[in-house]
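Written below as C-alpha cells is the structure these notes are about.
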Amino acid sequence: MSDEPIKEPTTGDEQPSRRGFVTTVLMLASLVASYGLGLVYFLRFLVPPIRWRRRELFVTTVDRVPSDRALVWVGPDGQEALIYNLNGEIVAFSNVCPHLGCHVHYRPSEQRFVCPCHQGVFDLEGNPIAGPPAEENTPLKRYNIVVRGNAVYLEILEEA
Ligand code: FES
C-alpha cells in the first residue's frame, strides 16, 4: 500500500468557474476602460483645453524707443502698452491699472507710473509702490519684447 493521501474525486466544475471568473474580470476591466475613456472625452467636451497662439506685433524701431519717457503704443486690437528703454533693455507694460482698470500715466518728474483713479504708483519695473496696487501687491502686466535687428515686436498670447 502507498502512503499517498487519497484525493477527492473532481466533479469537473472547477474549469468552468475559473473561466467564468476570468471572463468576468476581463468584462469589468473593459467596462472600466471604456467608461473611463468616455468620461475623459465628455470632460474634454465640457471643458475644452485652451489653446494659445503667440503673436508678434511690430511696435517701432530700436532707435525710436525713448529712455526719458514712455512710448504709448496702441495695438490693432486696441491693447495699449507703455514701452521704454530701461537701462538699455526695452521693456513694455500694460497701461491698465491692476486695481480697477484705469489707465496709468508716466510722470517724468518722478520717473514713476501713476494711476489717477486712486493714486496708485508703480516704479519703472512695474512694481506697485503706493496706493491700492501696493496694498494688494499687484504689479503692472509686463509684455514680452522681441528685438530682431532694428525692429521691436511686442509678443502677445491670445486664444486660438
Ligand atoms: S484703478 Fe488704479 S489705483 Fe485704483
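One-based numbering, in listed order, for ligands and for the atoms of each.
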| message | Under 2.8 Å from atom 4 (Fe) of ligand 1 - does any N, O or S atom of C115 fall there? | response |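 So C115 does not bind atom 4 (Fe) of ligand 1 by this criterion.
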| Does any N, O or S atom of H118, backbone or side chain, fall under 2.8 Å from atom 4 (Fe) of ligand 1? |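 For H118, the answer is yes, given that an N, O or S atom comes within less than 2.8 Å of atom 4 (Fe) of ligand 1.
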| query | By atom name, which N, O or S atom belonging to H99 lies closest to atom 4 (Fe) of ligand 1? | reply |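 So the atom name we want here is ND1.
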| request: Could you list which atoms of ligand 1 come closer than 4.0 Å to a heavy atom of L100? | output: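 Counting atoms of ligand 1 from 1, those under 4.0 Å from L100 are 1 (S).
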| query | For the residue pair Y106 and Y84, does the interplanar ring angle fall in the parallel (under 30°), tilted (30 to 60°) or perpendicular (over 60°) class? | reply | parallel
| query | Would one find more than 12 heavy atoms of other residues, nucleotides or ligands at under 6.0 Å from atom CZ of F58? | reply | yes
| request: List the atom of C102, the atom of C115, and the distance in Å for their closest heavy-atom pair. | output: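 Smallest heavy-atom distance, with atoms named: CB-SG, 3.6 Å.
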| message | If the threshold is 4.0 Å, N to carboxylate O, is there a salt bridge linking R55 and E158? | response |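 Yes.
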| query | Is the side chain of D123 donor-acceptor paired with the backbone N or O of E125 at a distance under 3.5 Å, no angle test? | reply | yes
| said: Report whether any nitrogen, oxygen or sulfur of C97 sits less than 2.8 Å from atom 2 (Fe) of ligand 1 (N, O or S, backbone or side chain). | reply: yes
| message | At less than 2.8 Å, would any N/O/S atom of C117, backbone or side chain, sit next to atom 2 (Fe) of ligand 1? | response |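 Given the 2.8 Å cut-off, C117 does not count as a ligand of atom 2 (Fe) of ligand 1.
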